[in-house]
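To start, the structure itself, in structure tokens.
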Amino acid sequence: MKKSFFTTCLVTLLAAGGLHAGEPDYAEGVFFLNEGWLGHQNGTINHLSQDGRWNYRVFQQENPGMELGCTATYGTVFKGRMYIISKQARDFGSSVTGGRITVCDAVTMKCIRQIGNIATDSAGRSIADGRAFTGIDSCKGYVSTSNGIYVMDLGTLEVEGLVAGSGGAGGLYSDQCGTMLHYGDRVFALHQKKGLLVIDAGNDTVVHVIGAPVERTPDGKTVRRGFGSIVQAKDGSMWLSVTGDVTGSGNTVDYFFRFDPDNLDTTRISLPAGYGLPNSWYSWTADAFCASAVQNRLYWKKQGENRYKSSVICCYDIDKGECRDIFDAKDMGWYMYCGAGFRLHPRTDEIYVSLYQDNLKQAYETLRLSADGELLETYEMAANCWFPAMPVFPDGQHPDTPDDPVAGEACKPSSLLHVYPNPTVDAVNVDVSGPAFLEVLAVDGRRIFGKEVGAGVQEVRLGRSGVYFVRVSANGGVAVKRVIRR
């Protein structure tokens with residue numbers, strides 16, 4: 001058959017650009033991380049293109065002979081890399097050992113590093129199963145585990161040690177930690193038993209603990225509540241879900257907390273009956289509590305028939321203080337798995353929902369909804385026991401998260417540089433440990449301040465509200481701090 005002029009030009013353009021028709025564009029679309037089928041296979045990650053095409057098991061595709069770890073629980077893209085955290089390095093039904101931590105190039109999905117054990121005892125046995133990840137700066141990230149929170153050097157991709165006070169009692173599931181939020185020079189992290197950990201990200205130490213309330217139940221018993229997840233809304237406010245107890249039973253209460261990250265105050269917000277937020281401490285997953293990046297709203301799935309059969313997505317309008325149901329999959333014969341189940345696209349505000357029928361069926365599908373729950377598209381999936389953990393959005397689709405202008409520079413220990421207060425309303429104090437060149441950069445990389453300084457504290461006034469980077473160069477290395485001017 002004779003090719004048309006259009007076809008000939010298209011083939012030429014694809015070849016000239018080094019692309020091939022049908023190849024996935026991982027910089028666009030949506031990833032779906034899957035736990036995997038316990039006892040049969042390791043975790044997987046699928047990619048849904050912008051035009052609605054599935055590309056399955058993309059990590060295995062791009063890295064032949066390699067797999068993720070067992071029960072993949074959390075994925076995120078940070079500064080061009082995807083960090084995938086799994087509970088164990090290998091499922092006992094798989095012949096391939098992956099890693100509790102897998103780091104990929106977020107555009108190509110090529111593996112950069114896999115780490116089998118996050119921490120071990122004196123006999124070399126693992127004492128920390130993976131949970132979640134949050135990036136601090138170009139040089140450092142935190143990995144939460146079943147036994148505390150660990151510091152990861154993002155330059156060498158090595159786990160360096162435990163965040164002091166976060167756990168590490170020596171046995172699995174003794175100090176389980178989950179979701180984390182980075183804010184200024186602090187990280188707020190959830191601990192199953194202790195509550196909300198306030199971590200100084202400069203010296204990697206827990207400096208404050210906010211415990212969940214202790215209450216008397218109607219039958220006269222005293223019960224310690226727990227915290228499940230923490231999210232940050234569009235207006236900057238933080239919100240804490242509350243668990244019925246610390247056992248991971250899934251019991252709910254009809255309230256949650258608004259949390260002020262600056263003065264550490266909590267405000268109890270009542271919810272209508274039946275709107276309590278389910279938690280997942282029993283078999284930890286990144287649960288469905290999440291916030292819109294476009295509107296001042298929070299979302300979660302209501303407690304269902306059991307932890308495996310939730311079908312209703314509800315929405316809380318922060319400005320109005322109102323809750324409402326926006327979608328119910330039960331009428332379609334589908335449910336959300338006990339993992340995150342859904343997340344909102346950070347630019348379009350559309351909701352991507354993973355659905356299944358029950359644990360014994362290999363029938364899954366994915367929906368795209370409007371922010372108000374209107375069904376926009378259904379994406380059928382190949383039969384398999386995916387057990388979805390969470391959607392993951394490529395880095396370029398996140399609004400208001402500019403690239404770090406100093407990414408890729410040599411990293412030195414953050415003890416070289418201490419910046420406070422952070423956030424600030426005017427100036428910051430920069431405590432430098434020795435002679436160095438001190439700079440302040442705008443988010444686009446422009447230098448707005450720079451001079452040679454000696455050891456000691458330097459006061460630096462910032463301009464208008466926004467995000468800045470304080471950079472200190474000394475002895476061939478660079479230390480960087482992200483600063484927020486309110």
side-chain contact (heavy atoms from CB on, under 4.5 Å) between Gln114 and Ile101, intermediate numbers included: CA-CA 6 Å; Gln114 280 194 313; Ile101 302 174; over 6 Å; no
Trp300/Ile313 under side-chain contact (heavy atoms from CB on, under 4.5 Å): CA gap, chis, key distance, verdict: CA-CA 6 Å; Trp300 60 91; Ile313 296 175; over 6 Å; no
Worked check of side-chain contact (heavy atoms from CB on, under 4.5 Å) between Asn251 and Thr243: CA-CA 6 Å; Asn251 294 334; Thr243 69; over 6 Å; no
Step-by-step side-chain contact (heavy atoms from CB on, under 4.5 Å) determination, His345 to Phe393: CA-CA 7 Å; His345 193 292; Phe393 298 97; 3.6 Å; yes
Going by atom type alone, with no hydrogens or angles, which donor-acceptor pairs under 3.5 Å involve a side-chain atom of residues 182-194 and a protein atom two or more places apart or on another chain?
{"from": "His182", "atom 1": "NE2", "to": "Gly184", "atom 2": "O", "distance (Å)": "2.8"}
{"from": "Tyr183", "atom 1": "OH", "to": "Asp262", "atom 2": "OD1", "distance (Å)": "3.1"}
{"from": "Tyr183", "atom 1": "OH", "to": "Asp262", "atom 2": "OD2", "distance (Å)": "3.4"}
{"from": "Tyr183", "atom 1": "OH", "to": "Arg486", "atom 2": "NH1", "distance (Å)": "2.4"}
{"from": "Arg186", "atom 1": "NH1", "to": "Pro261", "atom 2": "O", "distance (Å)": "3.2"}
{"from": "His191", "atom 1": "ND1", "to": "Lys193", "atom 2": "N", "distance (Å)": "3.1"}
{"from": "His191", "atom 1": "ND1", "to": "Lys194", "atom 2": "N", "distance (Å)": "3.0"}
{"from": "His191", "atom 1": "NE2", "to": "Asp175", "atom 2": "OD1", "distance (Å)": "3.1"}
{"from": "Gln192", "atom 1": "OE1", "to": "Gln176", "atom 2": "NE2", "distance (Å)": "2.6"}
{"from": "Gln192", "atom 1": "NE2", "to": "Val246", "atom 2": "O", "distance (Å)": "2.7"}
{"from": "Lys193", "atom 1": "NZ", "to": "Ser174", "atom 2": "O", "distance (Å)": "3.3"}
{"from": "Lys194", "atom 1": "NZ", "to": "Gly165", "atom 2": "O", "distance (Å)": "3.1"}

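Without hydrogens or angle criteria, Arg485 side chain to Thr424 main chain gives no donor-acceptor distance under 3.5 Å. A donor-acceptor contact shorter than 3.5 Å is absent between the side chain of Thr205 and the backbone of Val207. A distance-only check finds a donor-acceptor pair linking the side chain of His47 to the backbone of Glu28 [under 3.5 Å]. Of the possible polar contacts, none joining the Ser86 side chain to the Arg100 backbone as a donor-acceptor pair under 3.5 Å is found. No donor-acceptor pair under 3.5 Å is formed between the side chain of Thr285 and the backbone N or O of Ser280. Remark: the backbone N or O of Asp245 is not paired with any side-chain donor or acceptor of Arg225 at under 3.5 angstrom.
Closest of all the heavy-atom pairs between Asp431 and Tyr420 is CB-CE2, 4.4 Å. When all heavy atoms are compared, the tightest approach of Leu344 to Cys290 is CD1-SG, 3.7 Å. Looking at every heavy atom in both residues, Ile112 comes nearest to Asp105 through CD1-N, 3.6 Å. Closest non-hydrogen pair, Met152 versus Ile115, comes out as CE-CD1, 4.0 Å. When all heavy atoms of Gly167 and Leu162 are compared, the pair lying nearest together is O-CD2, 3.3 Å. Nearest heavy-atom pair, Leu33 versus Gly75, reported as atom, atom and distance to 0.1 Å: CD2-N, 3.6 Å.
Rounding to the nearest 0.5 angstrom, the gap separating the CG atom in Leu181 from the CD atom in Gln232 is 6.0 Å. For the atom pair Met336 CE and Lys301 NZ, the distance stands at 6.0 Å (nearest 0.5 Å). The CG atom of Leu154 lies 7.5 Å from the SG atom of Cys139; values are rounded to the nearest 0.5 Å. Remark: Thr102 OG1 to Met82 CE distance equals 11.0 Å, nearest 0.5 Å. One finds the OH atom of Tyr379 at 5.5 Å from the CG atom of Leu48 (value rounded to the nearest 0.5 Å). Note that the OG1 atom of Thr145 and the CD1 atom of Ile85 stand 10.5 Å from one another [nearest 0.5 Å].
Among residues at least two apart or in separate chains, salt bridge (charged side-chain N to carboxylate O under 4.0 Å, His left out) pairs with a member in residues 229-238 are Asp235-Arg258.
With 3.5 Å as the limit, one finds a donor-acceptor pair spanning the side chains of Tyr275 and Asp325. Checked by atom type, the side-chain pair Tyr142/Asp204 shows a donor-acceptor distance below 3.5 Å. The closest side-chain donor-acceptor pair between Trp239 and Ser237 falls under 3.5 angstrom. Defined by atom type and a distance below 3.5 Å, a donor-acceptor pair is present between the side-chain atoms of Ser229 and Asp287.
Just one residue in the list Tyr356, Phe342, Trp386 forms a ring pair (Phe, Tyr, Trp, His ring centres under 6.0 Å) with Tyr337, and that residue is Tyr356.
The existence of a salt bridge linking Arg461 and Asp426 is confirmed by a sub-4.0 Å separation between a basic side-chain nitrogen and an acidic carboxylate oxygen. We find that Glu158 and Arg113 are joined by a salt bridge, their nearest charged nitrogen and carboxylate oxygen being less than 4.0 Å apart. Taking a cutoff of 4.0 Å between a charged side-chain nitrogen and a carboxylate oxygen, Arg324 and Asp317 do not qualify as a salt bridge.
Aromatic rings from Phe32 and Trp54 are positioned such that their centres are separated by under 6.0 Å. In summary, the aromatic rings of Trp281 and Phe227 are positioned with their centroids too far apart to meet the 6.0 Å limit. Two rings, from Tyr316 and Tyr299, have their centers 6.0 Å or more apart.
Here the side chains of Cys104 and Arg81 are not in contact, with every heavy-atom distance at 4.5 Å or above. Counting heavy atoms from C-beta on, the side chains of Gln458 and Val470 never come closer than 4.5 Å. Side-chain atoms of Ser166 and Leu197, non-hydrogen and from C-beta on, do get closer than 4.5 Å to each other. Within the 4.5 Å cutoff, the side chain of Asp129 has heavy atoms near those of the Arg131 side chain. A 4.5 Å side-chain heavy-atom check between Pro394 and Phe31 finds at least one atom pair inside the cut-off. Tyr74 is not listed as a side-chain neighbour of Tyr83, based on a closest heavy-atom distance of 4.5 Å or more. Side-chain contact between Ile45 and Asn34: absent, with no pair of heavy atoms (C-beta onward) separated by less than 4.5 Å. Contact check for Phe327 versus Cys315: no side-chain heavy atoms found under the 4.5 Å cut-off.
Under a cutoff of 6.0 Å and an axis angle of 45°, Arg268 and Phe257 do not form a cation-pi pair.
Among residues two or more places apart in sequence or in another chain, the side-chain hydrogen bond (donor to acceptor under 3.5 Å, both in side chains) test is passed with Ser354 by none.
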